[in-house]
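Below is one structure; the comments refer to it alone.
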Amino acid sequence: MDSFKKIFESKYTWIEGFMRNVRRYGSKAAMIESATGESWTYEELNGETNRLCNALSKDGFGKGDVVMVQMLNCAEFAFTYVATQKMHGVCCPVSYRLSSGEMAFNIEDSKPKVIIVCNSKLESTLEAVGMANHKPQKIVVTGDTNSVASIIGGNIVAYDDYVRDCESAEPAYTCDYSIYDETTRLYTSGTTGKPKSVPMTSINEVLSAHDVMIHFPMSYKDVTMNTTPWFHRGGLHCAGPCPTFYAGATLVIMGKFEAKQTLKLVWKYNITFIVGVPTVLEELADEQERQGYDLRSLKGIVTMGSPLERSACIRYQRVLTPNIFNGYGTTETFWNTFLRPFDLPDNAGTAGASCVDDDVRVVKVYEDRRAEPDDLVATDGTEVGEVIICSPAKSPYCYTDNPEETERKYHSGFIYTNDLATWDENQFITIIGRKDDMIISSGENIYPTEIEAVLNTHPQVKDCIVTSVPDKVRGQVVTAYIVKADDAEELTAENLDAFCKESPDIANFKRPRFYRFVHQIPFNATGKKLHVKIKETAQKDLKNGLLWRV
């Protein structure tokens with residue numbers, strides 16, 4: 001058994017899987033840059049990765065060192081993801097939407113030895129470095145560096161120059177690999193408070209890849225494209241570099257989502273799986289209805305980040321592909337429930353049931369304590385509780401150097417998500433909202449997502465977000481922000497109020513009492529509606545007389 005343990009712990013790593021595919025599929029396309037048409041076979045991808053490895057080695061990069069990545073999806077992002085695993089280091093992608101102050105927090109928190117950043121974010125990154133106490137040894141700039149040429153020099157270098165004189169041979173051996181080595185560090189979206197860093201091990205990445213390969217399923221014959229950023233868990237681990245390269249499939253890079261281009265690329269490259277948040281699917285459906293592209297190669301469209309409403313799900317099946325998938329989970333645990341095409345349409349509107357290796361439960365909520373994992377709500381689709389997740393394969397069960405948050409979020413082998421949900425007799429989960437988003441009006445609990453689901457069935461509503469404002473009599477009253485459909489200029493708050501009164505799916509006390517029509521609603525990078533932000537906006541709008549009362 002000792003020999004098994006030694007071999008398993010040193011060989012069942014993500015990088016071993018990648019190298020197997022270099023040997024198996026060396027001349028097969030591994031990656032295509034959709035903007036330029038440039039492509040790399042597995043042998044070429046490995047060679048480019050090795051050039052970066054050898055450049056990092058010259059800078060003394062070693063085990064446990066961090067490369068922070070702030071880029072759109074691009075080839076250099078993929079090279080970095082693979083290279084850090086070869087170098088026993090940590091790839092730490094962060095959002096390219098961060099302010100300089102937010103970036104400074106991440107720099108101080110993760111202390112990267114090297115930062116690789118796209119040219120458009122260089123100035124902001126330099127501001128962040130100036131604000132942080134920790135200073136990276138090197139800042140490497142990707143993309144066309146002509147616009148920032150005056151800044152480059154010293155420890156700031158263009159990516160092409162950084163790897164120019166480096167060989168494509170395998171980097172020198174330094175130490176043995178372990179499945180327990182940290183390989184990737186992601187930050188939670190930080191919708192409330194400071195983001196937390198999630199350290200993922202190589203075995204977490206292997207088993208995340210396996211989860212995708214099981215649930216899609218994905219094989220070396222597939223061609224994938226993620227329309228969302230790789231800096232978050234759903235982007236990196238769902239049809240991103242992690243599962244695609246581990247399966248030996250082909251990855252099409254999309255730097256920035258555009259609906260028409262996405263549909264054209266499906267036809268051009270025979271893409272089999274697309275991944276995107278629900279707002280992406282909505283734009284794809286709109287464009288497909290206008291143009292009618294050939295989507296016969298698609299085996300599925302996978303969405304995650306927020307619940308997929310029943311009416312939207314059925315529309316996407318009709319317009320895009322019958323094979324619609326929806327995953328629910330967290331940065332800490334990847335996806336943990338999954339809704340597959342054979343679950344539809346009966347279970348549309350739910351987040352699906354537990355994945356093969358996961359245990360997702362709904363437990364009771366108490367004001368003064370945390371429920372134990374076996375203190376379950378009824379499986380009646382009515383009683384609301386908190387979602388907890390046991391995901392031993394895909395979660396590190398800790399935050400980096402943050403024992404307080406680790407203790408607060410993890411208990412008895414489960415992560416306590418703060419998400420509220422019901423579940424039915426088959427344990428299909430329906431997400432209701434978050435504890436801190438819940439509206440209490442006249443003593444009644446109201447969940448924004450259930451109101452949003454009703455409003456979004458109105459044919460003149462493109463999207464909406466629901467929150468509350470203070471009220472002297474009720475405590476809080478429901479407030480809705482509405483994005484009108486393109487041909488719905490005449491839509492009024494009174495129309496929507498009448499619609500809610502007539503709807504069998506919403507009690508009268510739950511209907512919005514305030515409305516405001518807007519051009520867009522706030523989302524974070526993972527496609528989740530920012531209820532915290534809209535609540536702040538609503539309070540200001542109430543004070544300034546910008547809300548329409550019905």
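Numbering of residues begins at 1 and proceeds along the displayed sequence.
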Counting only N and O atoms by type, is there a donor-acceptor contact under 3.5 Å from the side chain of [X] to the main-chain atoms of [Y]?
{"X": "T422", "Y": "E383", "answer": "no"}
{"X": "N544", "Y": "K540", "answer": "yes"}
{"X": "D222", "Y": "S219", "answer": "yes"}
{"X": "N336", "Y": "G329", "answer": "no"}
{"X": "N73", "Y": "T228", "answer": "yes"}
{"X": "S441", "Y": "Q476", "answer": "yes"}
{"X": "N426", "Y": "F428", "answer": "no"}
{"X": "Q70", "Y": "S95", "answer": "yes"}

Any donor-acceptor pair under 3.5 Å linking the side-chain atoms of [Y] with those of [X]?
{"X": "Y187", "Y": "E102", "answer": "no"}
{"X": "T262", "Y": "T227", "answer": "no"}
{"X": "T145", "Y": "N119", "answer": "no"}
{"X": "Q261", "Y": "S34", "answer": "no"}
{"X": "S208", "Y": "D211", "answer": "no"}

Using a strict threshold of under 4.0 Å (side-chain N to carboxylate O), is an ion pair present between [Y] and [X]?
{"X": "K510", "Y": "D505", "answer": "no"}
{"X": "D437", "Y": "K529", "answer": "no"}
{"X": "D357", "Y": "K394", "answer": "no"}
{"X": "R290", "Y": "E287", "answer": "yes"}
{"X": "E332", "Y": "R233", "answer": "no"}
{"X": "D497", "Y": "R511", "answer": "yes"}

Does [X] [atom1] have over 12 foreign heavy atoms under 6.0 Å away?
{"X": "W548", "atom1": "CH2", "result": "no"}
{"X": "K533", "atom1": "NZ", "result": "no"}
{"X": "Q291", "atom1": "CD", "result": "yes"}
{"X": "F509", "atom1": "CZ", "result": "yes"}
{"X": "E490", "atom1": "CD", "result": "yes"}

request  = Specify the closest pair of heavy atoms between F245 and A78, including all atoms of both residues, with the distance to one decimal.
outcome  =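 Heavy atoms of F245 and A78 come nearest at CE1-CB, 4.1 Å.
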task = Please work out whether the ring planes of W335 and F338 are parallel, tilted or perpendicular, with thresholds of 30° and 60°.
result =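 Geometry flag for F338 against W335: tilted rings.
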ask   = Do the rings of F18 and Y42 sit parallel, tilted or perpendicular, given the 30° and 60° boundaries?
value =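 The rings of F18 and Y42 sit tilted, inter-plane angle from 30° to 60°.
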query = Taking the six-membered ring of F216 as reference, does the NZ or CZ atom of K299 fall below 6.0 Å from its centre and within a 45° cone about the axis?
reply =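 Not flagged: K299 not positioned over aromatic ring of F216.
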Straight-line distance of [X] [atom1] to [Y] [atom2], nearest 0.5 Å:
{"X": "T330", "Y": "I415", "atom1": "OG1", "atom2": "CD1", "answer": "4.5 Å"}
{"X": "T142", "Y": "I116", "atom1": "OG1", "atom2": "CD1", "answer": "8.0 Å"}
{"X": "I271", "Y": "I301", "atom1": "CD1", "atom2": "CD1", "answer": "10.5 Å"}
{"X": "F231", "Y": "C91", "atom1": "CZ", "atom2": "SG", "answer": "13.0 Å"}

